[in-house]
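Numbers restart at 1 for each chain; the letters A, B, ... are given by sequence-line order, proteins then strands.
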Amino acid sequence: MNAPEPSDSATPEKTPSKHFIRQAIDADLASGRFDGVATRFPPEPNGYLHIGHAKSICLNFGLAKDMGGTCNLRFDDTNPVKEDTEYVDSIQEDVRWLGFEWDNLHFASDYFDQLYDWAEKLVKDGKAYVCDLNAEETRAYRGTLTEPGKDSPHRDRTPEENLELLRAMKAGKFKDGEKTLRAKIDMASPNINLRDPVMYRIAHVPHHRTGDKWCIYPMYDWAHGQSDSLEKITFSICTLEFEHHRPLYNWYCENLGIHHPRQIEFARLNMTFTVMSKRKLLQLVKENHVTGWDDPRMPTLVGLRRRGYTPESIRAFCADIGVAKFNSTIDVIRLENSVREHLNSVAPRRMAVLDPIKLTITNWPEGKVEMMNAINNPEDESAGSREIPFSGELYIETEDFREEAPRKFFRLKKGGSVRLRSGYIVDCHDVVKDDDGNITEVLCTYDPETKSGEDTSGRKVKGTIHWVSREHAKKVTVRNYDRLFKVENPDASSDTGSFLDHLNPDSLTTLTAHVEPALAEAAVGDRVQFERLGYYVVDPDSTDGELVFNRIVPLRDTWGKIEAKGKK
RNA sequence: UACCCCGUGGUGUAAUUGGCAACACAGCUGGUUUUGGUCCAGCCAUUCUAGGUUCGAGUCCUAGCGGGGUAGCCA
């Protein structure tokens, strides 16, 4: 424990700045308040994990790793009406996929017995009481944000009476909502959490792990800190909205006289063009605005995984955005960049034509097929190369040809030249049009002296475009995903409607693409770069006969920007 | 209008804890390039405001302004 800093203090340059939680930990270690770091990631199993949880996971597991400590995975399963094992499984899978392994796996429900014993202790100490007020009355007695509350009429029951009542509650003698156990703190506290908070509510509902054993269930505050304590957590890291709960967290630990972790709050992740609340994500799924929790447009971890995001890129993103208390909104571009950056270094390059137009090479020897050598990844020599068939009939991207084009258009135009990537330079001399005047075919000659890798011509052309050989190309389905929402802040409360009004109708475009033959062997989960287009992953929907590629993220598109600017 | 938290470039995060405001991303300029990708270079800030303490304030104090959170028997 408490490993000394690596002695690289001689290189002040490299010292990464420490966020405020790291600083707090350093201080507590230095002062002797704690002698190690033990954290936990405590999800409630009532939904799928999303990118916001990834921030918390990276923080908690990352801290433990960096400080030579431990991190547990604990399910905060104190409310059986909302929770389900379906989520327990998916959460574990997601945490592992992200690249973390917990030291211990726990469930708050495993502590129900201990929690109950502690509740009796507080009752005996005169620090908790059974209250007969119903939910409405409790609310009325609690007061408001600006007015103090009033004491419950049952606040002064004797410990003996309370104990008897509590045991009767546990034994199932009362109906749902008939009684609660409350901590006896201060009904006039400016902090509403301290106005005699409910510890137990009655709910005759089976629990996904404890079955019918309990009909009283602990509230978050009464379970969370105690679970932390039992696991000897030192730093209980949570999001900002729990800040006002900290005094209560402390009160329980102090009044029980048990191990007392330090709760530290940080700002949860907000991201542009994204909704993050469980309620809204659930609504997107339930109302079929997406195909499921793992729809590639969802910010869930299962969604991002299916989209093709790598765990490395998500971890890099989380490290990149930092940790603070300021309530910020991260530009989703940052997330997209992180996966681009990772995939740029590891994804093999392949050629795919999404919107084909035929290109015929009029001076190409009839029936000749030439194998061209193509580099797999210019960023990684060890990735090697592959062979691509080149022939007299090719497909190129429709948008890469213009009959007439502006000076700045570096691609193919009538009377112009372009390099076919890993192929030859071609010169366009004519086009073929249908009756409506649409171009159906581009006619070119090729320059035999310009073969890629053995160019002896000395010719320079402005542009290079991708292509596939018409007879050798494979057809695949391509799903081009875009942002799910068309506005930066879909959460923004417009008086008129809901966040659903901001759904992007073009968030998915499905098309049939022609790809180079090497792609026929691609397996589900393989990630490639379609040259000049973007990064793609093979979707599990793929079958033997038909591959499905999801667009993970497009390449940066400088030309697109130039063109868009020109139109304004 | 009670209490708590937070205000540093377009967006985020730093600043040896009182000592020349740094880094990343975005944007804009240019360069390299057989991906208009990658890569490289340059440009882009009166630290919310007003006072105060100090030789010196992003940092400390006071007041104001702005943003967020909180009144579940949810977590």
Side-chain angles (χ1 to χ4, degrees), chain A residues 12 15-19 23 42-44 46 76-79 81-83 131 133-136 138-140 142-149 176-182 189-193 195 197-203 216-217 219-221 223-224 238-247 265 267 272 278 320-331 333-334 337-338 340-341 344-345 349 351 374-375 377-379 408-411 418-423 425 450 452-453 455 460-466 529-534 554-563:
Chain A
T15 309
S17 59
K18 293 176 177 176
H19 55 68
Q23 293 181 22
E44 182 186 14
N46 71 340
D76 234 327
D77 56 350
T78 57
N79 184 8
V81 313
K82 287 189 173 180
E83 296 150 7
C131 181
L133 261 25
N134 64 30
E136 270 172 62
T138 303
R139 192 183 323 123
R142 186 161 36 229
T144 68
L145 292 175
T146 54
E147 300 156 27
D176 287 5
E178 207 175 324
K179 292 197 180 343
T180 56
L181 181 72
R182 297 225 259 163
S189 172
N191 182 341
I192 290 182
N193 292 300
R195 318 239 265 228
V198 172
M199 294 168 63
Y200 277 109
R201 76 279 215 184
I202 298 172
I216 58 172
Y217 291 98
M219 298 291 291
Y220 165 83
D221 291 296
H224 195 92
C238 61
T239 45
L240 250 28
E241 65 270 28
F242 292 103
E243 219 158 10
H244 333 55
H245 292 245
R246 188 174 357 123
E265 311 85 11
T272 57
K278 280 184 187 173
D320 197 43
I321 59 177
V323 179
K325 297 191 77 164
F326 179 67
N327 210 311
S328 61
T329 301
I330 306 293
D331 196 328
I333 287 174
R334 298 281 285 266
N337 274 331
S338 72
R340 267 196 207 104
E341 190 183 356
N344 177 51
S345 61
R349 273 55 171 175
M351 290 207 275
I375 299 293
N377 186 347
E379 304 298 312
K408 282 185 150 183
F409 185 83
F410 300 155
R411 283 108 100 138
V418 79
R419 154 80 58 189
L420 294 176
R421 174 77 162 156
S422 305
I425 290 176
T450 59
S452 202
D455 190 328
K460 290 281 175 198
V461 288
K462 276 286 212 178
T464 299
I465 63 174
H466 59 276
Q529 182 196 98
F530 287 170
E531 291 223 36
R532 304 207 309 131
L533 297 173
L555 253 32
R556 263 197 203 86
D557 183 12
T558 307
W559 168 245
K561 272 180 203 162
I562 293 169
E563 224 184 8

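- The base of B:U34 is paired with the side chain of A:Ser452 by a donor and an acceptor separated by under 3.5 Å.
- Looking at A:Arg411, its side chain comes within 3.5 Å of the base of B:G36 through a donor and an acceptor atom.
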Contact letters for nucleotides 44-49 of chain B, in which S counts primed atoms plus P, OP1 and OP2 and B counts the base, heavy atoms under 4.0 Å: ------
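- Nearest nucleotide to the A:Asn337 side chain, out of B:C73, B:G37, B:A26: B:A26.
- Only one option out of A:Thr464, A:Asp455, A:Thr450 pairs with A:Arg419 in a side chain to side chain donor-acceptor pair (under 3.5 Å); it is A:Asp455.
- Distances from the side chain of A:Asn134 to the nucleotides B:U11, B:C73, B:U35 place B:C73 closest.
- A glycosidic torsion no more than 90° from 0 defines the syn conformation, and B:G72 adopts it.
- Spacing between B:G12 and B:C4 at atom P, rounded to whole Å, works out to 26 Å.
- Residues satisfying the ring pair (Phe, Tyr, Trp, His ring centres under 6.0 Å) test with A:Phe410, not counting sequence neighbours, are none.
- Rounded to whole Å, the P atom of B:C40 lies 12 Å from the corresponding atom of B:A26.
- Scanning all heavy atoms of the two residues, the minimum distance from A:Tyr217 to A:Ala203 falls at CE1-O, 3.3 Å.
- Side-chain proximity of A:Gln529 to the nucleotides B:A71, B:U35, B:U13 is greatest for B:U35.
- Across all non-hydrogen atoms, the minimal contact from A:Ile192 to A:Arg142 is CG2-CD, 3.5 Å.
- Note: CG (A:Asp221) to C1' (B:A75) measures 9 Å, nearest angstrom.
- If you check every strand for non-hydrogen atoms under 4.0 Å, A:Phe530 touches nothing.
- Separation of the C1' atoms belonging to B:U49 and B:C65 is 7 Å when rounded to the nearest angstrom.
- Residue whose closest nucleotide on RNA chain B sits further toward the 5' end, between A:Thr144 and A:Trp559: A:Trp559.
- Backbone-only contact: A:Val323 has heavy atoms under 4.0 Å from sugar-phosphate atoms and none from a base.
- Atom CZ of A:Arg349 and atom C1' of B:U35 are 8 Å apart (whole Å).
- Looking at the side chain of A:Glu241, the nearest of the listed nucleotides B:C73, B:G36, B:A75 is B:A75.
- In this structure, the NE2 atom of A:His19 is 8 Å from the P atom of B:A14, given to the nearest Å.
- To the nearest whole angstrom, the two P atoms, one in B:C61 and one in B:G18, are 11 Å apart.
- Among the atoms of the strands shown, base atoms are found under 4.0 Å from some heavy atom of A:Phe410.
- A gap of 10 Å separates the P atoms of B:U47 and B:G9, to the nearest Å.
- Atom NZ of A:Lys82 and atom P of B:G72 are 13 Å apart (whole Å).
- Side chain to side chain, A:Asn46 and A:Glu44 meet the donor-acceptor criterion of an N or O pair below 3.5 Å.
- The base of B:U34 sits with one of its N or O atoms less than 3.5 Å from a complementary donor or acceptor on the side chain of A:Arg419.
- Residue contacts shown for A:Phe242 include a base, since a base heavy atom lies under 4.0 Å away.
- Nucleotides B:C25 and B:U32 are separated by 22 Å at their P atoms, to the nearest Å.
- A pairwise comparison of heavy atoms in A:Arg349 and A:Asn377 identifies NH1-OD1, 3.0 Å as the closest pair.
- Taking every side-chain heavy atom of A:Gln23 into account, B:A15 is the closest of B:G68, B:G7, B:A15.
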For nucleotides 27-33 of chain B, give me every protein contact, N/O to N/O, under 3.5 Å, one pair per line with atom names.
| unit_1 | atom_1 | unit_2 | atom_2 | d |
| --- | --- | --- | --- | --- |
| B:G27 | OP1 | A:Lys561 | NZ | 2.3 |

Evaluation steps, salt bridge (charged side-chain N to carboxylate O under 4.0 Å, His left out), between A:Lys82 and A:Asp77: CA-CA 9 Å; A:Lys82 287 189 173 180; A:Asp77 56 350; over 6 Å; no
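- Computed from coordinates, the A:Ile321 CD1 to B:A14 P distance equals 11 Å when rounded to whole Å.
- In this structure, B:U70 shows a glycosidic angle more than 90 degrees from zero, which is the anti conformation.
- Among residues two or more places apart in sequence or in another chain, the ring pair (Phe, Tyr, Trp, His ring centres under 6.0 Å) test is passed with A:His245 by A:Phe242.
- Counting non-hydrogen atoms under 4.0 angstrom, A:Gly453 reaches a base of the nucleic acid.
- Helical stems in RNA chain B, defined as runs of 3 or more consecutive Watson-Crick or G-U wobble pairs with donor-acceptor distances under 3.5 Å: B:2-7 with B:65-70, B:10-13 with B:22-25, B:27-31 with B:39-43, B:48-52 with B:60-64.
- Scanning for ring pair (Phe, Tyr, Trp, His ring centres under 6.0 Å) contacts around A:His224 gives A:Tyr220, with sequence neighbours left out.
- Legend: residues meeting salt bridge (charged side-chain N to carboxylate O under 4.0 Å, His left out) with A:Asp320, ordered by chain and number and at least two apart, are A:Arg334.
- Atom CD of A:Glu379 is separated from atom CD of A:Gln529 by 9.0 Å, given to the nearest 0.5 angstrom.
- Here A:Arg142 lies in heavy-atom contact (under 4.0 Å) with sugar-phosphate atoms only.
- Nucleic acid contact for A:Ala324: sugar-phosphate only, since backbone atoms but no base atoms lie under 4.0 Å from a heavy atom of the residue.
- The residue A:Glu531 sits close to a base: some heavy atom pair falls under 4.0 Å.
- Residue A:Pro148 is out of contact with every strand shown, counting any heavy-atom pair closer than 4.0 Å.
- For the P atoms, the distance linking B:G51 with B:U13 amounts to 29 Å, nearest Å.
- For A:Arg532, the salt bridge (charged side-chain N to carboxylate O under 4.0 Å, His left out) criterion is met by A:Asp400, not counting sequence neighbours.
- Within the nucleic acid shown, A:Ser422 comes within 4.0 Å of at least one base atom, counting heavy atoms only.
- Between the side chain of A:Glu265 and the base of B:G69 there is no donor-acceptor pair of N/O atoms closer than 3.5 Å.
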Distances for protein N/O vs nucleotides 1-5 of chain B N/O pairs under 3.5 angstrom?
| unit_1 | atom_1 | unit_2 | atom_2 | d |
| --- | --- | --- | --- | --- |
| B:A2 | N3 | A:Leu145 | O | 2.9 |

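- Nucleic acid contact for A:Thr329: sugar-phosphate only, since backbone atoms but no base atoms lie under 4.0 Å from a heavy atom of the residue.
- Contacts of A:Pro247 classified as side chain to side chain contact (heavy atoms under 4.5 Å, CB included), with partners at least two apart in sequence or in another chain: A:Asn191, A:Leu194.
- Within 4.0 Å (heavy atoms only), A:Ile216 reaches no atom of the nucleic acid at all.
- Separating the CG atom of A:Asp320 from the P atom of B:G12 is a distance of 13 Å, rounded to the nearest angstrom.
- Not counting sequence neighbours, the partners of A:Glu241 by the salt bridge (charged side-chain N to carboxylate O under 4.0 Å, His left out) test are A:Arg268.
- A:Glu531 is linked by a salt bridge (charged side-chain N to carboxylate O under 4.0 Å, His left out) to A:Arg421, counting only residues two or more places apart in sequence or in another chain.
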